[in-house]
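The next block holds one structure in the form of structure tokens; read it before the comments.
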Amino acid sequence: MDVVALVDCNSFYASCERVFRPDLNGRPIIVLSNNDGCVVARSAEAKALGIQMGVPAFQIEGEIRRHKIAVFSSNYTLYADMSRRVMETLRQFSPEIEIYSIDESFLKLDRTQDLLAIGESIRSTVRKWTGVPVSVGFGPTKALAKLANRLSKKSAGVMELTTREQQDEALATTAVSDVWGIGAASTNKLLRYGIKTARDLRDADDVWVRKLLTVVGLKLVHELRGIPAIDWEETVSPKKGICCSRSFGESVTTLEGLQQALATYVSRAAEKLRRQNSLANVVTIFFHSNPFNGDEPYQRSGVIAFPTPTATTNEMIRFVSDAAAKLYKPGTRLKKAGVILTGIVENSNCQLSLFYERDRQHDTALMSALDKINDRFGSRTMRFGAEGIDPKWAAKFEKKSPRYTTRWDELIEVL
């Protein structure tokens with residue numbers, strides 16, 4: 001019989017920075033969002049200081065100085081590559097793996113094994129091969145493995161909830177708000193009916209649970225009882241919508257600047273689209289001014305339907321740029337813009353048009369060459385001129401660490 005393991009990287013973004021900066025061990029670390037605005041990740045030491053997620057960096061400048069907190073801009077290239085290395089390492093322990101997020105994966109293992117020993121082996125191997133510390137939780141279902149992982153962080157880093165006695169104790173001491181999949185709205189509903197702990201929820205009546213939390217909540221209750229009810233996905237399902245948006249590092253005051261930004265964002269969205277072998281039927285563009293600058297808020301959006309489904313960047317750029325020219329109002333100071341691709345279909349399930357002439361074979365070959373070059377030499381090594389060169393509006397990452405693992409010119413130096 002199988003058992004589920006959830007492997008979760010500890011303070012992942014901060015841990016990635018520490019891999020290449022061992023001098024930061026024991027020192028509080030925070031990672032900031034685009035334009036170095038708000039805290040999006042914290043080390044355990046930063047959490048202990050009371051640094052909250054989402055707090056603007058300027059509001060905690062005093063604490064940063066007082067506690068000598070190390071501050072980093074988000075280094076998504078580094079984090080994504082380190083995540084890939086961790087996930088590849090985990091495949092040594094099981095061929096059945098579901099990547100749940102950038103820092104979490106579910107594994108299926110043989111229940112007859114010594115789980116605590118396997119957990120310690122996973123922790124030591126991942127740490128040795130990647131430098132990233134992880135916690136491991138075991139359970140007969142995803143929900144119980146998730147809970148075991150959460151509790152493991154408060155103990156030795158490995159925990160199993162495979163027996164009824166272990167599950168009873170853990171569920172009785174876990175607030176219902178801390179159960180995987182139970183959000184604030186569901187928590188308020190459950191508390192009104194006296195459901196305070198995870199064990200209360202596990203023991204609730206099925207009909208009542210389904211009425212209050214729908215069939216999704218009922219599946220979760222079954223999982224808490226040790227009955228697998230949440231599907232296993234070894235491959236990531238294609239996204240039904242892809243969004244790329246950013247706040248500008250400096251206000252955009254020209255149509256050209258807006259078109260460059262939208263071209264950049266639709267280029268990134270198109271790359272994601274191609275990676276999942278999909279095409280998009282529709283693109284939505286939007287842009288707006290800073291709502292807090294005291295002036296009258298200005299925002300515009302437009303929906304463009306492509307003549308045929310596409311994942312060709314230069315084709316998308318043309319439609320997006322034309323739409324921006326029609327929507328843009330001269331003299332406005334724009335703070336943010338973005339694009340959303342929808343109407344996504346499989347590449348093999350594309351309805352072409354008799355009246356829209358375009359060389360699809362040429363487009364496919366061009367995009368394939370573009371993606372291969374960028375995969376080999378680094379993201380955005382080659383891009384379209386419409387995206388601009390070193391634009392001033394680009395988001396600021398003034399505290400970003402080097403991309404140690406993906407750029408030859410940013411390799412760590414030993415002096």
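Everything quoted here is computed from the prediction, not taken from an experiment.
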Is any NZ, NE, NH1 or NH2 atom of the basic residue among [X] and [Y] found under 4.0 Å from an Asp or Glu carboxylate oxygen of the other?
X    : Y    : answer
E387 : R380 : yes
E88  : R91  : yes
E250 : K392 : no
K142 : D231 : no
R85  : D81  : yes

Tell me whether the count of non-hydrogen atoms from other residues, nucleotides or ligands lying under 6.0 Å of [atom1] in [X] goes above 12.
X    : atom1 : answer
Q92  : CD    : yes
Y193 : OH    : no
K399 : NZ    : no
Q113 : CD    : yes
I389 : CD1   : no
M382 : CE    : no

What distance separates [X] [atom1] from [Y] [atom2], expressed to the nearest 0.5 Å?
X    : Y    : atom1 : atom2 : result
D103 : M82  : CG    : CE    : 12.5 Å
E223 : T141 : CD    : OG1   : 4.0 Å
L411 : F20  : CG    : CZ    : 9.5 Å
T264 : I317 : OG1   : CD1   : 7.5 Å
T284 : I304 : OG1   : CD1   : 7.0 Å
F93  : L109 : CZ    : CG    : 9.5 Å

Side chains of [X] and [Y] only: does a donor on one sit below 3.5 Å from an acceptor on the other?
X    : Y    : value
S135 : D8   : no
S368 : D371 : no
T313 : R274 : yes
E17  : Y404 : no

- Message: Just to verify, which of D36, V40, V71 counts as forming a side-chain contact (heavy atoms from CB on, under 4.5 Å) with V31?
- Response: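 When side-chain contact (heavy atoms from CB on, under 4.5 Å) is applied between V31 and each of D36, V40, V71, only V40 qualifies.
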- Message: With side-chain contact (heavy atoms from CB on, under 4.5 Å) as the test, pick out the partner of L171 among R199, R225, Q166.
- Response: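 Checked R199, R225, Q166 against L171; only one passes side-chain contact (heavy atoms from CB on, under 4.5 Å): R199.
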Ignoring hydrogens and geometry, is there a side-chain-to-backbone donor-acceptor pair from [X] to [Y] under 3.5 Å?
X    : Y    : result
T173 : A170 : yes
S105 : V7   : no
R42  : I51  : yes
S33  : C38  : yes
E410 : R403 : yes
S155 : S152 : yes
D200 : T197 : yes
T130 : R127 : no
S15  : N10  : yes
N34  : R246 : no

So, do [X] and [Y] sit near enough that their side-chain heavy atoms are less than 4.5 Å apart?
X    : Y    : answer
K146 : E104 : yes
L341 : V283 : yes
T332 : S289 : no
L147 : V179 : no
V39  : I60  : yes
M316 : L273 : yes
W208 : I195 : yes
F72  : L78  : no

- Message: Parallel, tilted or perpendicular, judged at 30° and 60°: which one describes the rings of Y76 and Y13?
- Response: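 Perpendicular: the ring planes of Y76 and Y13 meet at over 60°.
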- Query: Do the rings of F319 and F306 sit parallel, tilted or perpendicular, given the 30° and 60° boundaries?
  - Reply: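 If you compare the ring of F319 with that of F306, the planes turn out perpendicular.
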Heavy-atom pair with the smallest gap, counting every atom of [X] and [Y]:
X    : Y    : answer
L115 : F138 : O-CE1, 3.2 Å
G37  : L32  : N-CB, 4.4 Å
S401 : N75  : O-ND2, 2.8 Å
V209 : A204 : CG2-CB, 3.6 Å
P309 : N281 : CG-OD1, 3.2 Å
N314 : F384 : CB-CE2, 3.5 Å

- Mind running salt bridge (charged side-chain N to carboxylate O under 4.0 Å, His left out) on E315 and R360 for me, showing each step along the way? CA-CA 11 Å; E315 182 181 12; R360 291 296 175 189; 3.3 Å; yes
- In sequence, state the C-alpha distance, the side-chain angles, and the governing distance for W393 and L258, and then conclude on side chain to side chain contact (heavy atoms under 4.5 Å, CB included). CA-CA 9 Å; W393 48 262; L258 173 61; over 6 Å; no
- Message: I'd like to know whether S11 forms a side chain to side chain contact (heavy atoms under 4.5 Å, CB included) with R18, so could you lay out the CA-CA distance, the side-chain angles of the two residues, the decisive distance to 0.1 Å, and finally the verdict.
- Response: CA-CA 10 Å; S11 303; R18 278 181 173 150; 5.9 Å; no
- Task: Evaluate the criterion side chain to side chain contact (heavy atoms under 4.5 Å, CB included) for residue pair Y328 and Q259; output intermediate values, then yes/no.
- Result: CA-CA 10 Å; Y328 177 73; Q259 289 175 323; over 6 Å; no
- Verdict with supporting geometry, L213 and L220, side chain to side chain contact (heavy atoms under 4.5 Å, CB included): CA-CA 10 Å; L213 301 178; L220 178 58; over 6 Å; no
- Test salt bridge (charged side-chain N to carboxylate O under 4.0 Å, His left out) applied to D375 and R275, step by step: CA-CA 11 Å; D375 286 343; R275 288 191 184 281; 2.6 Å; yes
- Would D206 and R210 satisfy salt bridge (charged side-chain N to carboxylate O under 4.0 Å, His left out), going step by step from the backbone distance to the final call? CA-CA 6 Å; D206 282 9; R210 180 165 183 167; over 6 Å; no
